[in-house]
Every structure is written in structure tokens, then in C-alpha cells.
Amino acid sequence: MSKSPQAIRGTQDIFGPDAEAFAFVVETFERVRRLYRFRRAEMPVFEKTEVFARSIGETTDIVSKEMYSFEDRGGESLTLRPEFTAGIARAFLSNGWQQHAPVKLATHGPLFRYERPQKGRYRQFHQIDAEIIGAAEPQADVELLAMADQLLKELGIEGVTLHLNTLGDGESRDAWRAALVEHFLSVKDELSEDSQERLEKNPLRILDSKDPRDKKHVNHTLDIDTFLSDSARRFFDEVTSGLDAAGVKWQRAPNLVRGLDYYRHTAFEFIPDEGSEAADKLGSQSTILGGGRYDGLMESLGGAPTPAVGWAAGIERLAMLAGSPNRRVETFGIVPERPEASHFAQELAYILRSNGLPVDMLFNVSARKAPKKLYDREITTILYVNNFDDAPQSGFINFKRNFSGSHSLEKRVGMRLAEEFRLERTFDVSEEEAVLNRERADLVLRRRVDKPTKS
RNA sequence: GCGAUCGUAGCUCAGUUGGUUAGAGCGCCGGUUUGUGGUACCGGAGGUCGGGGGUUCGAGACCCCUCGAUCGCCCCA
């Protein structure tokens, strides 16, 4: 144990139910993304460091301390992607995706952040991501949020609410920030140490501080509403009324902010309701899906001004909350009872599988132990397969179904098997043989000739 | 980066105020039995107690360091 290598800190190996839940999230995302006609995009897992440095801004701790950056052999500084947005923006610019604008893009995959691991937070983690690039209209925000909302519903995630705010346009935002700084400076000594520092670095963040000393000084006179320009207000009204029309429930969250400068207008997070089961499962890492409008980003990457809005969500966190897929599919486990029956077993498996039925084939497992193995693998029906030395073309099958709990053995003939699962290719039962061998096996099947032709 | 709790078999854990050859359940392997099967019974393998150092006649238990996990804070693109 001590000698064998360990997985590196903050990474995880996913298997079993967790892996199924993970796959369920991705599959559901893929399905919903098609419903909303978002197009798939794939970007490299690493980029030049400047892609992230320029988009996020050199100043923050993020760039200096929380990215996996390294030099390649050519001496170029590269970084494992810590987020999707910057890479997508870079791809948009370098591939001339303007020609498709406005373009709706969706992607998912691993991301890397050098952070202290905690619940639902890893150094290699995975997100799903959706962006609409080249659309300045509030309807784009609505479209994007409607998709997110439907996704969460289809994942069976309950007790989660869309928290919504606006950061205004550039002008509104600057005025708001100035007013906040002025207000908090006047009570600086009463703020928490962290917030006194935030006053310099990131004053907006004081609004969502958890420290009671800070909360005392946050009130509604500081909401951005009083600083919004007419056009920014109109934009936000369009978003909220659009959400209402689209059936997306939301609530206003005046203290919801974004630290980075490129964010404009809409900012949002889906957060578990207080006291809900979901909140319990997530602990302090509570946001399950978040995003906003980032009209300023393309310019910081040296592109033409391009409006865009997007969101991302952690797959691990979604998987923790998602309901079980609950798809009970008839699943077969085939057990050849002796080596001579293996070809018959292979063919049986082939026929079932080509009819779309899931089949697990067990070899190297004693027939006696098989049920236990199969139970672990969530098999619903076991097919014990055997054949006779004097009639290698024939085989017989014992059919045991829903074996959990009961000890009963259901016996059916091959035609029933075929009917029940509507197989295109069937097993034909020879009456004589069936009778002849009834003592030994309950059904005897002779393989029919209409085997699929192999090309 | 800061704080707290934890780390004993593949898994879940027990291990009394430091005291002989470190235990259980499940799992795994083998055997017997139930004629068709998940059962039961018998047997077996598997641990330098996360790693390193120290205190002690003696350490899985105590101290220090380190690695990792978990939960908060910071950060959150």
C-alpha cells in the first residue's frame, strides 16, 4: 500500500455508482444541449498562459497562485485550462467563428485549478459549459438560462433557485463601485480584516461576505438599482420578463457579484435553497451553476468587441445532487456452464446485443458463483447456457429472472424469449428435443439458420 | 495561504490508562453440501497499523516532521 503510487492530491478515480451519476449528467447535458440547438465545440486542455492571464487579469491571485502553469521545452509558458470561457473566446477569435455569430456553443471536460481540495472541489474537476457568443440581446441571456433551468430539472435536481442580478453596463458599474468604496471606507474600521483588504482589491466582494461584521454594513441603499443607466435597466427588465415568459423561476440577489472586470449586465447562480437536501449535500461549495454576460472579454484578448454570455457547472456537484437515472432495463448475464458451450453462448450474446439488449458475458466464473457476480452488476436475468456433445449445434438455456430475493426459477422456451423481447432473429425450439431432454434441461433450443450475414 | 478533525487487511471499522504472536464483519481464493445454481458449513490467503524521525525496557496508541483525506476560512475564473 505504501509502496504503490497514490493519486495526486485533489484528483479522483471515479467508479461504480459515482461514475454512472457522472455519465448521467453528461448524457443529460448532451441531450438538452441538442434540444436548444447548441453546437458542440472541443478546445485543447492547455493554452498559452497569456490566454488566461489576459482574460482574467494579471492582478488577481487566480493567475499568480491558482493555475497549473509550466514551461514547455521551447520555453513557452503554458497553462492547463482553469475554465472554459477564455479558451472558447480564443478559439472564436483564432478560427474566425464570427462567421457563425451569433453562435451557441456547448462543451464539457476536465479543468485544473491549484486549490485546497474540499467538498465538491478538486484540482482536476469537470464542468459542462454553454456560451452564446455574438449576441448582445437580452433574449440570449434568457435562452441560456432557460436551457440551464431545464437541464437541472431533467437531472431531477430539486430545491435549487436561480439567483439573478445585474452589474449594469460599464458606466453603471463604475458608478456603483465608486459608491460602494465610499460607503465602506466610511466604516472601514468596523469591517472584517478580509474585507478591509477587499476594499483595495475587489470591493464588490464585500457584498457577499459571510462575516457578520460586514453584513451589518450591507443594505439596500447600496443596490446597483440606483446607479443603473436607463439602457442597463431596460436590458435587465427584458431579461427578467423573458425568464417569466419562459417559465424560469428566479429571485433577485442584489449582493450577487462578479469579481472580474469583463462582466457586464446579467450575473446569475443556481443555489440550493436554505435547509434543502441539496444545500446539505454541498456544504459551503454551494453554487451548482453560475455565469453571466462577459461583453468585455473579447477585447481583452485583442479581438473586436463581441458581446457574449455563458455559464458553467461542475459535473461532480451536479452528480451529487442528480436523481438516479431510474432506467430499469432488462439486462442479461450469460453463463456458459462449461467450455464447450462457449460458442453457443457467444452467439446468444450476439443475437441479444444486436437486438439492442444489454448482455454481460461471464467467462472464467464458476456457474455456482455466477449469480452473486451478476447481482453485483445489476443483471436482471441470467441465462445459463449449455449444449450436448452429441449435438453441438444445439444448446439449452435456463432462464432465471429477477433473481434478487426470490429463489424461484422461471422457465421459458426460446420462442417466448424471442417474443418477449421482439428479437429479429429467434431461437427455434425443436419439439422432440425439448421433450427428449426435458428431464435434463427445461428447454432445448436449436439455432436457426437466419444468422446475420457477416460482411 | 490559514484553522480543525482524521489515516489499522481490498472495503467498513474495533483495538481498554503505551505491555506478549494486531482482531471482526463483508469481500477474495479453495473445498464440501443443497440435483437448477445467490444458501449453509469448513478451510485459506491478505496488514513493516499512510511515510520518516523521536521519547520509552517496550508504541497502532505519546511528541515532531511529512504525505494524504475530510470540514471550514481565503479565493472562486
Side-chain angles (χ1 to χ4, degrees), chain A residues 1-12 15-16 51-57 59-67 79 81-89 111-123 125 127 129 192-195 197-198 201-202 204-205 208-211 256-263 267 269 282-287 290-292 294 297 300 310-312 314 333 335 337 362 365-377 379 382-386 396-400 402-411 438-443:
Chain A
M1 182 171 170
S2 57
K3 296 272 170 68
S4 63
Q6 304 275 304
I8 62 181
R9 182 170 204 192
T11 65
Q12 45 176 348
F15 178 70
V51 170
F52 305 110
R54 286 172 67 177
S55 67
I56 292 166
T59 53
T60 56
D61 286 359
I62 293 171
V63 170
S64 53
K65 296 181 184 165
E66 295 175 9
M67 298 198 309
T79 295
R81 65 184 179 196
E83 58 151 1
F84 280 116
T85 309
I88 289 180
L111 302 170
F112 307 84
R113 296 181 186 177
Y114 194 85
E115 294 182 295
R116 191 81 176 253
Q118 50 187 283
K119 184 181 260 188
R121 187 198 248 200
Y122 302 93
R123 288 185 170 182
F125 60 103
Q127 287 189 339
D129 180 278
S192 67
E193 297 77 17
D194 285 330
S195 282
E197 224 173 292
R198 283 191 270 242
K201 287 185 180 168
N202 202 347
L204 299 194
R205 279 276 166 209
D208 65 357
S209 168
K210 291 169 188 166
D211 195 302
L256 178 64
V257 295
R258 286 283 106 103
L260 304 185
D261 284 339
Y262 58 66
Y263 281 104
E269 293 178 3
L282 289 177
S284 70
Q285 303 297 310
S286 55
T287 299
Y294 53 95
L297 174 59
S300 64
W311 58 251
V335 182
E337 296 199 79
L362 264 76
V365 171
S366 72
R368 185 180 293 280
K369 294 280 166 75
K372 217 171 177 184
K373 275 272 185 220
L374 291 169
Y375 184 64
D376 279 351
R377 298 187 195 180
I379 296 296
I382 301 181
L383 302 174
Y384 294 97
V385 171
N386 211 332
F396 59 87
I397 299 171
N398 268 351
F399 190 116
K400 186 179 182 184
N402 295 330
F403 50 93
S404 62
S406 88
H407 210 282
S408 70
L409 185 68
E410 283 189 56
K411 292 149 186 167
R438 192 150 280 160
E439 291 161 14
R440 181 163 177 197
D442 292 278
L443 51 101

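Lettering of chains follows the sequences in order, A, B, ..., and the numbering in each one begins at 1.
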**Request:** Please report the C-alpha distance between Tyr114(A) and Lys65(A) in whole Å, then the side-chain angles of each, then the deciding distance to 0.1 Å, and finally whether the side chain to side chain contact (heavy atoms under 4.5 Å, CB included) criterion is met.
**Result:** CA-CA 7 Å; Tyr114(A) 194 85; Lys65(A) 296 181 184 165; over 6 Å; no

Please measure how far the [atom1] atom in [N] lies from the corresponding atom in [M], and state the result in whole Å.
N: A59(B); M: G54(B); atom1: P; result: 12 Å
N: C11(B); M: C49(B); atom1: P; result: 16 Å
N: G60(B); M: G23(B); atom1: C1'; result: 12 Å
N: C76(B); M: G18(B); atom1: P; result: 47 Å
N: G46(B); M: A24(B); atom1: C1'; result: 15 Å
N: A9(B); M: C26(B); atom1: C1'; result: 12 Å
N: U56(B); M: G3(B); atom1: P; result: 30 Å
N: G27(B); M: A40(B); atom1: P; result: 9 Å

**Earlier contact from the 5' end, RNA chain B, for Pro117(A) and Met67(A)** =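 With Met67(A) and Pro117(A) compared, the 5'-side residue is Pro117(A).
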
Distance check: side-chain N/O of [X] vs OP1/OP2 of [N], anything under 4.0 Å?
X: Gln118(A); N: C71(B); answer: no
X: Asn202(A); N: C75(B); answer: no
X: Ser284(A); N: C73(B); answer: yes
X: Arg116(A); N: G1(B); answer: no
X: Lys119(A); N: G72(B); answer: no

[atom1] of [X] versus [atom2] of [N]: gap in Å, rounded?
X: Phe112(A); N: C75(B); atom1: CZ; atom2: C1'; answer: 20 Å
X: Leu282(A); N: G72(B); atom1: CG; atom2: C1'; answer: 15 Å
X: Asp211(A); N: C75(B); atom1: CG; atom2: C1'; answer: 16 Å
X: Tyr294(A); N: C76(B); atom1: OH; atom2: P; answer: 19 Å
X: Asp208(A); N: C73(B); atom1: CG; atom2: P; answer: 12 Å
X: Tyr263(A); N: C76(B); atom1: OH; atom2: C1'; answer: 10 Å
X: Phe125(A); N: C76(B); atom1: CZ; atom2: P; answer: 14 Å
X: Phe15(A); N: G27(B); atom1: CZ; atom2: C1'; answer: 14 Å

**Item:** Donor-acceptor pair (no angle test) under 3.5 Å: Arg121(A) side chain, C75(B) base
**Value:**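 A donor-acceptor contact between them is present.
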
**Asked** Has the side chain of Arg258(A) got a donor or acceptor atom sitting under 3.5 Å from an opposite partner on the base of A77(B)?
**Response**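 Looking at the base of A77(B), it does not pair with any donor or acceptor on the side chain of Arg258(A) (distance under 3.5 Å).
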
Can you name the side-chain contact (heavy atoms from CB on, under 4.5 Å) partners of [X], sequence neighbours left out?
X: Thr287(A); result: Glu269(A), Ile271(A)
X: Lys201(A); result: Asp61(A), Glu197(A)
X: Thr11(A); result: Ala7(A), Ile8(A), Gln124(A)

**Asked** When we call it a touch if two heavy atoms are under 4.0 Å apart, what does Gly10(A) touch: a base, just sugar-phosphate, or nothing?
**Response**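 Sugar-phosphate contact only - Gly10(A) comes under 4.0 Å of backbone atoms but never of a base.
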
**Request:** Check every strand shown and say whether Arg81(A) touches a base, only sugar-phosphate, or nothing at a heavy-atom separation below 4.0 Å.
**Result:**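 The residue Arg81(A) makes no contact with any strand.
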
**Item:** Distance (rounded to the nearest 0.5 Å) between Arg258(A) CZ and Arg205(A) CZ
**Value:**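 Answer rounded to 0.5 Å: 7.0 Å.
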
**Request:** Not counting sequence neighbours, which residues clear side chain to side chain donor-acceptor pair (under 3.5 Å) with Arg113(A)? List them please.
**Result:**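 For Arg113(A), no residue satisfies side chain to side chain donor-acceptor pair (under 3.5 Å) once neighbours in sequence are set aside.
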
**Asked** Can you tell which of G68(B), A77(B), C73(B) lies closest to the side chain of Arg9(A)?
**Response**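 So the nucleotide nearest the side chain must be G68(B).
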
**Prompt:** Which atom names give the shortest non-hydrogen contact between Gly10(A) and Tyr122(A), and what distance separates them?
**Reply:**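 That closest heavy-atom pairing would be O-CB, 3.1 Å.
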
**Item:** Contacts of type salt bridge (Lys or Arg N to Asp or Glu O under 4.0 Å), residue Asp261(A), not counting sequence neighbours
**Value:**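 Applying salt bridge (Lys or Arg N to Asp or Glu O under 4.0 Å) to Asp261(A) gives Arg173(A), Arg177(A).
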
**Prompt:** Checking Arg123(A) side chain against Phe112(A) main chain: does a donor-acceptor pair fall under 3.5 Å?
**Reply:**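 Flag not set: sc Arg123(A) to bb Phe112(A) has no pair under 3.5 Å.
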
**Request:** Pull out every stem in RNA chain B, meaning runs of 3 or more consecutive Watson-Crick or G-U wobble pairs with both distances under 3.5 Å.
**Result:**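 Listed by first number, the stems are B:1-7 with B:67-73, B:10-13 with B:23-26, B:28-32 with B:40-44, B:50-54 with B:62-66.
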
